[in-house]
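In what follows, residues are counted from 1 in the order of the sequence shown.
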Amino acid sequence: NKVFIHIFKETQKLSTYLYAIAAGEYEIIVGEYMPGEPPLRIIYAPYRHEEASEQCHILFYLTKMAIKFFEEYLHCKYPFSKYDQVFVPNYQWYAMENAACVIYDESVILDVYDTSRTCLLYTSPSPRDLSTSRMPSSA
């Protein structure tokens, strides 16, 4: 048995209901980001590697666009040093938003072929002109 100890940096004060702990065996994909942008991570169970790898570029793109939109709309920078999206099995509420981390039921986004539970996501670089939206390729 291995024991891991993680020491976290002190953060700004948060209400206790705004932080999250995800325990278990997970893999992580880190998205590309520019200086001044928060690092984006997709965290998932190892058996979901294929789906996460196929969809991570879309999730990173949508997340960057959402952060940019809200920074401009609210006239305030994203206040946290990272943004994680954790996909877990059998999560009762489909998703839970926490500070710098959203936990999803893995089937809500990763099961793209099960249309009974899959969330359809859409964004546009310009919220005012949806007709010009272009999703970048995964290349």
Side-chain angles (χ1 to χ4, degrees):
N1 291 336
K2 293 182 180 178
V3 174
F4 295 95
I5 297 174
H6 295 276
I7 299 173
F8 297 94
K9 293 180 184 176
E10 186 172 335
T11 65
Q12 60 206 29
K13 291 182 179 183
L14 296 172
S15 294
T16 55
Y17 67 88
L18 289 178
Y19 73 88
I21 297 175
E25 185 177 343
Y26 290 100
E27 291 182 1
I28 299 173
I29 299 173
V30 179
E32 295 179 12
Y33 58 95
M34 302 297 290
E37 295 179 339
L40 307 177
R41 302 188 311 171
I42 304 296
I43 302 167
Y44 56 92
Y47 63 85
R48 288 298 200 155
H49 182 78
E50 184 177 348
E51 296 99 328
S53 296
E54 288 174 359
Q55 295 186 56
C56 66
H57 70 284
I58 296 168
L59 294 171
F60 289 140
Y61 174 78
L62 294 174
T63 303
K64 282 183 180 187
M65 296 309 298
I67 289 172
K68 181 179 177 184
F69 171 80
F70 283 108
E71 284 180 338
E72 291 174 4
Y73 183 77
L74 299 170
H75 304 287
C76 128
K77 291 291 288 174
Y78 177 75
F80 302 104
S81 62
K82 66 169 183 75
Y83 188 88
D84 292 338
Q85 296 177 79
V86 183
F87 296 91
V88 301
N90 303 313
Y91 194 61
Q92 181 177 357
W93 299 281
Y94 293 114
M96 182 65 194
E97 300 81 11
N98 303 285
C101 175
V102 178
I103 298 175
Y104 296 95
D105 183 293
E106 63 187 14
S107 67
V108 172
I109 294 185
L110 296 181
D111 288 343
V112 294
Y113 302 109
D114 177 4
T115 56
S116 67
R117 295 194 63 195
T118 301
C119 261
L120 299 176
L121 301 175
Y122 176 81
T123 191
S124 169
S126 171
R128 292 164 202 79
D129 184 7
L130 297 177
S131 64
T132 62
S133 177
R134 296 288 182 264
M135 182 74 72
S137 69
S138 61

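Between Arg48 and the choices Glu27, Glu54, Glu25, Glu106, the salt bridge (Lys or Arg N to Asp or Glu O under 4.0 Å) rule is met once, by Glu106. Applying the side chain to side chain contact (heavy atoms under 4.5 Å, CB included) test between Ile103 and each of Ile43, Val88, Asp84 identifies Val88 as the sole match.
Considering CZ of Phe60 and CD of Gln85, their distance stands at 7.5 Å, rounded to 0.5 Å. From Tyr94, atom OH reaches atom OG of Ser107 across 7.0 Å, with rounding to the nearest 0.5 Å. The OG1 atom of Thr63 sits 11.5 Å away from the CD atom of Glu37 when rounded to the nearest 0.5 Å. To the nearest 0.5 Å, atom OG of residue Ser53 and atom CD1 of residue Ile42 are 10.5 Å apart. A distance of 9.0 Å separates SG in Cys56 from NE2 in His49, rounded to the nearest 0.5 Å.
Under the 4.5 Å side-chain heavy-atom criterion for grouping Ile, Leu, Val, Met, Phe, Trp and Tyr, Leu18 is not connected to Tyr104 through any hydrophobic cluster.
Residues Tyr78 and Ala100 share a closest heavy-atom pair of OH-CA, 3.3 Å. When every heavy atom of Ile67 is checked against every heavy atom of Pro38, the shortest pair comes out as CD1-CG, 4.0 Å.
The aromatic rings of Phe69 and Tyr73 lie parallel to each other, their planes meeting at an angle below 30°, with 60° marking the opposite boundary.
No side-chain heavy atom of Tyr19 sits under 4.5 Å from any side-chain heavy atom of Asn98. Within the 4.5 Å cutoff, side-chain heavy atoms of Pro89 are placed close to those of Tyr47.
Annotation: side-chain contact (heavy atoms from CB on, under 4.5 Å) contacts of Ser81 (sequence neighbours excluded): none.
Within a 6.0 Å sphere centred on CD1 of Ile21, heavy atoms belonging to other residues, nucleotides or ligands number 12 at most.
A donor-acceptor distance shorter than 3.5 angstrom exists from the side chain of Asp105 to the backbone of Tyr91, with no hydrogens or angles considered.
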Between side-chain atoms of residues 2-15 and protein atoms elsewhere (two or more places apart, or another chain), which donor-acceptor pairs fall under 3.5 Å?
none

